[in-house]
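Below is one structure; the comments refer to it alone.
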Amino acid sequence: MADTVVTRFAPSPTGFLHIGGARTALFNWLYARAKGGKMLLRIEDTDRARSTEPAVQAIIEGLDWLGLTADEPAVSQYARIERHRAVVEELLARGQAYRCYATQAELDEMREKARAEKRPPRYDGRWRDRNPNEAPPGVDPVIRLRAPLEGETVVDDLVQGKVRFPNKDLDDFVLLRSDGNPTYMLAVVVDDHDMGVTHIIRGDDHLTNAGRQTLIYKAMDWDIPVMAHIPLIHGPDGAKLSKRHGALGVEAYREMGYLPVALRNYLVRLGWAHGDEEIISTEKMIEWFDLDQINKGAARFDFKKLEALNGHWIRASSDEELVDMLMDSRDVLPNGEILKTADDATTRAKLTEAMPGLKERAKTLVELTDGAAFLFVSRPLPIEEKAETILADGGRDVVAALLPRFEAAESWDAASLEALVRAYAEEAGLKLGKAAQPLRAALTGRTTSPGVFDVLAVLGRDEALARLRDQAA
Ligand code: GLU
């Protein structure tokens with residue numbers, strides 16, 4: 001039986017979970033789900049100066065919100081420092097690593113020389129075979145890998161194919177610094193090995209690291225995980241993704257009112273495709289996802305597409321789900337205050353009733369909240385400029401003419417109210433729209449809203465009549 005798939009997401013907590021990281025997490029999560037395995041989370045917090053606890057929290061919360069929660073509690077890389085040191089000791093014992101006493105001045109000289117000769121800067125191996133008895137006093141050594149001098153190291157990458165690194169370019173890189181701290185290169189390998197990671201899926205900015213990391217696996221006689229280095233996300237213009245393009249933290253997408261299901265759908269298409277499917281449910285992603293379908297070219301970020309997908313997923317969500325999402329997002333949406341005007345039970349009831357009409361036109365939860373605003377405003381309503389124009393331009397007369405008919409209405413449901421307005425429009429020789437527009441303006445203070453008969457019904461007889469009276473005068 002093949003080993004169970006274990007993937008991992010390994011962010012550095014120096015900032016929030018950004019959109020590129022979210023896509024890496026999604027691919028790891030999907031691959032684990034698709035293969036019946038698990039995804040682990042490792043917080044790469046060895047850079048003590050730049051790692052922060054709020055960033056760790058934001059990453060975990062961002063993953064939870066996106067529905068990409070890891071299958072086990074997060075592992076702290078920093079907490080494993082003793083284990084990293086122990087592996088370096090073992091590499092020394094195996095003769096696969098050695099102490100290097102080169103001083104800073106010597107290293108600088110090496111770099112200068114390489115520059116003058118137009119070679120990439122490489123450590124020249126001067127302590128590789130030297131007797132440590134010759135160590136100069138007062139120099140704390142670093143520990144370097146005894147890397148092969150000839151031949152090549154091949155990373156057999158599922159996305160990039162066979163990537164060859166001539167060993168002369170990989171040099172004897174540092175595993176343990178002179179202050180006793182392990183390097184990132186070493187820590188990643190030790191952690192991936194100890195966590196049982198079978199598949200490393202990460203951005204292709206780590207591809208050259210993969211060559212060096214392969215040497216560490218070999219020096220320890222450890223199995224090398226399958227690697228898949230995914231192309232980075234670029235802006236719509238092909239340039240590196242910038243803030244303007246959408247290189248924001250995941251929480252910014254939450255504040256803009258995107259749904260986790262829509263963001264997953266959007267992110268999975270950044271670098272992966274299944275035929276020409278665009279709208280992909282999470283169940284389908286899990287069914288279809290595989291690493292050999294990842295594109296080699298950089299993916300391009302496109303806000304328009306994300307927005308269209310979000311609108312689709314809003315319409316595809318049940319009214320209840322949407323009400324829950326709105327209530328849960330009240331504190332993060334910029335217009336969330338609207339949903340705090342009434343008590344929760346009233347707010348939920350009103351939203352639920354109006355949702356069928358509201359969700360048809362909203363592309364984000366912000367727009368959905370905005371569309372629901374008419375439910376929660378108190379009289380006298382603020383009237384937007386365009387709505388005022390309609391009312392001033394004969395609209396108030398229409399409202400005044402309709403008012404007694406509404407007052408006499410026997411039942412207050414959308415269908416009967418529509419019949420009533422149609423009858424009036426016919427008698428008055430007006431197009432239906434000419435009657436509906438002033439009603440909308442009076443009932444919502446705006447020129448856009450769900451269907452006006454739904455608005456009348458959702459507001460209820462008393463509130464609707466009061467709003468109409470306010471404008472009929
Ligand atoms: N901590 C690295 C990063 O945030 C990822 C390392 C890896 O995936 O191996 O870019």
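Atoms within a ligand are numbered from 1 in the order they appear, just like the ligands themselves. Residues: numbered from 1 along the sequence shown. None of these values were measured; they are calculated from a predicted model.
Leu145 contributes atom CG, which lies 9.0 Å from atom CG of Leu186 (distance to the nearest 0.5 angstrom).
With ring centers used as reference points, Tyr266 lies 6.0 Å or more from Tyr258.
Geometric assessment of Arg48 against the ring of Tyr78 yields a positive cation-pi assignment under the 6.0 Å and 45° thresholds.
Listed by first and then second residue, the side chain to side chain donor-acceptor pair (under 3.5 Å) pairs involving residues 143-154 are Asp129-Arg146, Glu152-Arg164, Thr153-Asn167 (not counting sequence neighbours). Legend: ring-ring contact (aromatic ring centres under 6.0 Å, His included) pairs involving residues 207-244, not counting sequence neighbours, sorted by first then second residue: His193-Trp222.
Residues passing the side chain to side chain donor-acceptor pair (under 3.5 Å) test with Asp140, sequence neighbours excluded: none.
Listed by chain and residue number, the protein contacts of ligand 1 are Arg8, Ala10, Pro11, Ser12, Glu44, Tyr184, Val188, Arg202, His206 (heavy atom within 4.0 angstrom).
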